[in-house]
2 protein chains.
Amino acid sequence: MENNLKSNLENLTIGTFAKAAGVNVETIRFYQGKGLLLEPEKPYGGIRRYDGSDVARVLFVKSAQRLGFSLDEIADLLRLEDGTHCEEASHLAEHKLKDVREKLADLMRMETALAELVCACHATNGKVACPLINALQSN
Amino acid sequence: MENNLKSNLENLTIGTFAKAAGVNVETIRFYQGKGLLLEPEKPYGGIRRYDGSDVARVLFVKSAQRLGFSLDEIADLLRLEDGTHCEEASHLAEHKLKDVREKLADLMRMETALAELVCACHATNGKVACPLINALQSN
DNA sequence: CTTGACTCCGTATATAACTACGGAGATAAG
DNA sequence: CTTATCTCCGTAGTTATATACGGAGTCAAG
């Protein structure tokens, strides 16, 4: 046996990689096809290896997805990472930032509405008009 | 002008309804099939009519979708509205609230990361390590 | 009362994002 | 070396969310 933390995420085969990222192998391959993940070099007819940064990338994709970004949008976000095309990346980032801030506003309205609903429900134990639709409408 | 919107939105046929909500007719019917919208009574072999509350409902669905909720989850949210099953609704609302708060946290981290990225990009005009992945990873 | 746009409804097709399958080759444990 | 388990890769199937199509009925204007 070896060191524990970081060395656990080195030299992973695609199976352990997938498990570490909480997705299945097919999803990894699918993401590679979409350009969301790079396919590492294959050592002469052998088997590709992955590491912690790949795991992080998949986790990022999954998180961004939960926030309503499509895989294509996420690919855009990830392209910001490479540091080249700074001008372009900056533009894209600003655009996404606007996006993110709108989502934030919606979510905050939704949070308020839900919190009120829970409150009202507990308080009155009766009929309550749902403020939810209204919440996202005021925009 | 605050009532203007509403008074324009009475007695709509499905076509004008769809236009008002910014979706197409087929989407309306699809949502009816999924239980996201009620199908109004059809006046003896005639044509159904819709109003502003239907439009609001569709707009809510679309907003919630942008926030990463699935149609099934949105159906859950909408079921909170009817005021019956208060106990159950309250439970559901609490669960969704947790959800919403997690998304909020992720989005805020993402906002920070994007803002930093734009900033750094403008400042250095050079290579910048992307804080994005890191942002959503710290959870 | 005809005409053209619209509705109704059922079925079919499309797109995104997976998920499953299967045969051939690689690797590790015994 | 054998064998079980995995990887590789290509193709096919699935689920969620729409969109498109088409024939028959309905409505409102001329």
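Quick note on labels: first sequence line is chain A, next is B, and so on, each numbered from 1. In this text the structure is predicted, and so the values were computed from the model without any measurement.
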Residue B:Lys62, side-chain heavy atoms: nucleotide from C:dT19, D:dC27, D:dA18 that is nearest
D:dA18
What integer distance in Å separates B:Leu12:CG from C:dC6:P?
15 Å
Picking from D:dT17, D:dA20, C:dT19, which would you name as closest to the side chain of A:Thr27?
C:dT19
Distance from B:Phe30 atom CZ to B:Asn24 atom CG, nearest 0.5 Å?
12.0 Å
Atom CG of A:Asp72 and atom P of C:dT15 are separated, to the nearest Å, by 13 Å
Between B:Lys42 and C:dC9, is there a contact of a side-chain N or O with OP1 or OP2 at under 4.0 Å?
yes
Please tell me which of the listed nucleotides, C:dA26, C:dA20, C:dC6, lies nearest to the side chain of A:Ile47?
C:dA26
Could you check which of C:dA20, C:dC8, D:dC8 has an atom nearest any side-chain atom of B:Arg48?
C:dC8
Atom CG of B:Leu71 and atom P of D:dT17: how far apart are they, to the nearest Å?
4 Å
Output the single nucleotide from C:dA17, D:dA18, C:dC21 whose closest atom is nearest the side chain of B:Tyr31.
D:dA18
Do B:Leu38 and B:Gln32 touch side chain to side chain, with heavy atoms closer than 4.5 Å?
no
Given D:dT17, C:dT19, D:dC9, identify the nucleotide with an atom nearest to the side chain of A:Glu39.
D:dC9
Would you please say whether a donor-acceptor pair under 3.5 Å links the side chains of A:Asp51 and A:Ser53?
yes
Separation of atom CD1 in B:Ile28 from atom C1' in D:dA20, rounded to whole Å
16 Å
Separation of C:dT7 C1' from B:Glu26 CD (nearest whole Å):
11 Å
Measure from the side chain of A:Phe30, starting at C-beta and using heavy atoms only, and say which of D:dT7, D:dA18, C:dT19 lies closest.
C:dT19
Contact summary for A:Glu73 and A:Phe69, nearest pair of heavy atoms
OE1-CA, 3.3 Å
So, do A:Glu41 and A:Arg48 sit near enough that their side-chain heavy atoms are less than 4.5 Å apart?
no
On DNA chain D, more 5' by nearest nucleotide between B:Arg49 and B:Ser70 is B:Ser70
Per B:Thr13 side chain, nearest of listed nucleotides D:dC6, C:dT19, C:dC6:
C:dC6
Between CD of B:Gln32 and P of D:dA18 the distance, given in whole Å, is 14 Å
In whole Å, I'd like the distance from the CG atom of A:Asn11 to the P atom of C:dA28.
11 Å
From the set C:dA20, C:dC6, D:dC9, return the single nucleotide nearest to any side-chain atom of A:Arg29.
D:dC9
Measure from the side chain of A:Gln65, starting at C-beta and using heavy atoms only, and say which of D:dT7, C:dC18, D:dC27 lies closest.
C:dC18
In whole Å, I'd like the distance from the CG atom of A:Asn24 to the C1' atom of D:dT14.
13 Å
